[in-house]
Amino acid sequence: MRRTLLAAALSLLVALPLQAQQPTRIGDAAMTQAVTLRERALADDTGWKVVESLTTEVGPRLAGSEADARAVEWAKAKFKALGYDKVWTEPVTFPKWERRSESARIVGAHAQALHVTALGGSPGGKVEAEVVRFESLEALEKAAPGSLAGKIAFIDYPMTRAKDGRGYGPGSRVRSGGPSAAIRAGALAYVMRSAGTDSHRNPHTGITRFDDGLKPIPSAALSLPDADQLARLVALGQVKIALDLDCGWNGEYTSQNVIGEITGRSKPDDVVVIGGHLDSWDLGTGAIDDGAGVAIGMAAGHLIGTLPKGQRPARTIRVVAFANEEQGLYGGRAYAQKHAADLRKHQLGAESDFGAGRIYAFAAKTPDYAKEAVARIAQALAPLGIEHREDGEGCGPDLSPFNAIGMACAGLSQDGTDYFDLHHTPDDTLDKIDPKALAQNVAAYTVFAFLAADAQGDFGSAPKPATP
Ligand code: ZN
Ligand code: ZN
């Protein structure tokens with residue numbers, strides 16, 4: 001009997017701290033307000049106007065280029081024009097990579113031009129050599145050291161199409177890992193079938209990297225039809241190509257994360273953070289990657305900001321246009337570093353960086369005490385055709401460094417079925433965005449940000465040691 005009492009007392013002691021954590025709640029008034037905002041957002045074209053303005057007036061904005069600085073000025077001015085209460089910038093420094101010219105051609109009996117683009121981070125150089133084709137990164141990694149001496153390595157791996165973009169993992173590894181594997185086998189240069197799913201004669205660029213201790217070699221991507229053509233020629237016999245890249249690293253550059261805030265009603269120091277990345281690759285105008293994400297965040301904050309001050313959410317809506325995502329999450333990492341001490345003040349975060357297709361799923365990884373509030377957000381999103389999923393895919397690239405050290409995050413998954421037809425190509429232009437789908441995205445982010453910012457209680461942001 002005494003043992004039972006003791007055990008009961010002990011279990012009570014153990015249970016007490018858990019019971020002290022009140023469930024996070026979202027009230028009925030907030031739900032009503034969210035419905036009003038959602039319907040207003042669906043009928044509003046602010047998101048479209050913002051992405052039209054960015055892609056038209058700034059155009060392509062390669063990190064570190066002249067257009068990078070214009071994009072920063074554009075973002076500051078746009079936040080102000082959209083009525084944001086606070087607008088500021090935070091510096092982000094990174095090495096600057098430049099693309100000057102690029103060409104490739106088949107030489108000899110079947111002479112003809114190939115459509116290529118240099119991979120970001122590639123050095124320049126002129127190489128004329130025989131091509132050796134590999135079906136996958138794994139196949140090239142198995143090539144014996146020195147076996148490609150005097151040759152050009154070619155990986156012809158076809159990326160698969162998927163709504164959730166899962167083909168991009170293996171596809172982009174061919175881009176990030178191929179050049180180092182080629183160097184280890186002794187190759188003079190590297191070419192790859194683009195990490196893309198289209199059938200156009202557009203190569204897809206994107207960042208690559210070289211493992212420490214290796215001397216970088218010129219590295220480029222072929223359009224998919226050009227990769228097919230090269231594969232057919234290789235099947236006929238020995239093929240030589242001449243690759244001529246003029247590009248490379250050139251000093252350092254300091255850009256800015258541009259931040260706008262709609263001040264909260266009663267807890268203005270606490271924030272819900274949304275946004276996208278301001279930089280783009282240089283071949284298109286960066287409409288789907290990631291003008292759309294910047295526009296969705298800016299428009300969502302703007303719509304919440306149009307509410308009378310007394311009806312604003314309790315916490316602040318912070319929209320971040322991140323610098324240089326493309327070349328290594330520089331803006332996202334700078335943000336995490338600068339705001340680490342304020343991590344607990346970050347209620348919840350989500351970044352849009354997967355185009356402008358409709359959002360079809362919502363998920364947030366939170367402690368149990370916040371699950372009821374997450375379900376309420378999901379309930380307000382459901383009429384937009386968004387299903388609630390238990391398991392999320394994270395919260396976008398630029399918030400992943402902050403999520404890694406403890407910020408609670410949510411994911412709003414976009415339909416990316418055609419994303420990799422356009423991604424990092426000259427075809428990434430405004431006409432590819434469906435204004436209605438973009439408005440659905442704005443509506444979803446508006447609802448999400450408003451409800452998360454007005455919740456009573458938190459979603460579990462707490463510092464944790466970074467995982468390497
Ligand atoms: Zn992106
Ligand atoms: Zn990108």
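All residue numbers in this chain count up from 1 along the given sequence. For ligands, and for the atoms within them, numbers begin at 1 and follow the listed sequence. All heavy atoms count here, side chains included; hydrogens, waters and symmetry mates do not.
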### Message
Any side-chain to backbone donor/acceptor pair from Tyr84 onto Met298? Under 3.5 Å, distance only.
### Response
yes
### Centroid-centroid distance, His346 to Tyr335, less than 6.0 Å
yes
### Query
Got an N, O or S from Glu325 under 2.8 Å of the Zn ion (ligand 2)?
no
## Note on the structure
So the angle subtended at the Zn ion (ligand 1) by His277 atom NE2 and Asp353 atom OD1, rounded to 10 degrees, is 100°
### Task
Taking atom types as modelled, find out whether Tyr157 and Arg175 have a side-chain donor-acceptor pair closer than 3.5 angstrom.
no
### Summary
In Glu326, the N/O/S atom nearest the Zn ion (ligand 2) carries the name OE2
### Task
Specify whether an N/O/S atom of Asp289 falls short of 2.8 Å from the Zn ion (ligand 2).
yes
### Presence of salt bridge, Arg358 and Asp415, under 4.0 angstrom
no
